[in-house]
Amino acid sequence: MNNTNQNKLRNIEESSQEFSNWYFSNAIKEIIFTMTGMEVAEEKATEETIKDLKEQISGIIMLIGNKRIMISLGMSTYTAKNLVASMTGLESGSLTKEDLVDGAAELANIVAGKIKAKFSVNGERYDILLPYTITGDDHSIIHKNKSAVLIRLYHTENIAVIAKVFFL
Amino acid sequence: MDYKAKILSVDDSSIIRKIVRNSVEVLNYSLLEASSGEEALSILVKEHASIKLILLDWNMPGMNGLELLKIIKKNILYKNIPVMMVTTEGEKGNIVKAVQAGVVNYLLKPFTSEELTKKVMQCIGRV
């Protein structure tokens, strides 16, 4: 590996460490708790350990600044119903597919906002693009040859959210 | 005819508008909803006289919240309607920009319904 690639790898490793130390340990747990009242447990995960979990709805957002960061929050329809019902106070049976899609996107948007604010304290400026959603049974997100540098599972008895970070 | 005072929520997220609706209705206001700045301006043309507060997101497709805020504050019919930002935009420099453009309050997402209710009451002078 040449020096340039070694530096790139070191930067990604340092950035991953930064995320794991604060962003993913606090931001997502805090957001889910504030919006739904649910206290989630967090686990480190890999593509292998989450392969049996259904990802039917993914809220996705990108931050553009010193780094280009993509964050996805993947979940089953069942999890999305429980999350959105808790966020809105509506019966889960009354929620439409649009509600679930919008809820996943908005959660990703709020996560990005937290991360942007955290970066700005360190003098790093980021722009947040509008969130979007991918739906479909067992879909996967692949950005060229970039795999997720961080994967975390946030769960209670009723929900399981797979959070992934990609440095593009 | 409905003479209940109104609050206008401008947010491209329907889920956020539903959360806002719950809090606003508890306070006995009715909610008008706009999913974009452009839609908000159409509503303001017809309803400005009965709107007591505008809750405004920042990042939206098309016109963003700050752009809409500046238009509202330049319009003689709308400029006295208080505006509160309800947004993920927590960068200090941008909060200052919003305050300079005329927002009376600022609520960062995520928020609890209690936080939203309290801020709305502050904006409409009920606390």
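Naming convention: chains lettered A, B, ... in sequence-line order (proteins, then strands); numbering from 1 in each chain. Computation of the quantities below employed the complete heavy-atom set of this structure, encompassing side-chain atoms and omitting hydrogens, waters and symmetry-equivalent molecules. Please read all numbers here as calculations on a predicted model, not as lab measurements.
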| field | Partners passing side chain to side chain donor-acceptor pair (under 3.5 Å) against Asp11(B) (at least two apart in sequence or in another chain) | value |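 Side chain to side chain donor-acceptor pair (under 3.5 Å) check on Asp11(B) returns Lys109(B).
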| query | Most heavy-atom pairs under 4.5 angstrom with chain B, which of Thr34(A), Asp102(A), Ile110(A), Leu107(A)? | reply |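 That would be Asp102(A).
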| query | Which bit of Leu90(A) is near chain B, if near means a heavy-atom gap under 4.5 Å: side chain, backbone, both or neither? | reply |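 For Leu90(A), side-chain heavy atoms alone lie under 4.5 Å from chain B.
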| chain B heavy atoms under 4.5 Å from Ile31(A): which part of the residue, side chain, backbone, both or neither? |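 Contact with chain B: backbone and side chain both.
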| field | Pairing residues for Lys116(A) by the side-chain contact (heavy atoms from CB on, under 4.5 Å) criterion, not counting sequence neighbours | value |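 In terms of side-chain contact (heavy atoms from CB on, under 4.5 Å), with neighbours along the sequence ignored, Lys116(A) is linked to Leu63(A), Tyr126(A), Ile128(A), Glu89(B), Glu91(B), Asn94(B).
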| task | Taking the side chain as every heavy atom from C-beta outward, state whether Val161(A) and Arg152(A) have any pair of such atoms under 4.5 Å apart. | result |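 No, every pair of side-chain atoms sits at 4.5 Å or beyond.
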| field | Among Thr87(B), Asp12(B), Val20(B), Ile19(B), residue most engaged with chain A (heavy-atom pairs, under 4.5 Å) | value |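 Max contact count across the listed options: Ile19(B).
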| query | Any side-chain donor paired with an acceptor under 3.5 Å for His155(A) and Glu43(A)? | reply |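 Yes, because at least one side-chain N or O of His155(A) sits under 3.5 Å from a partner of the opposite role on Glu43(A).
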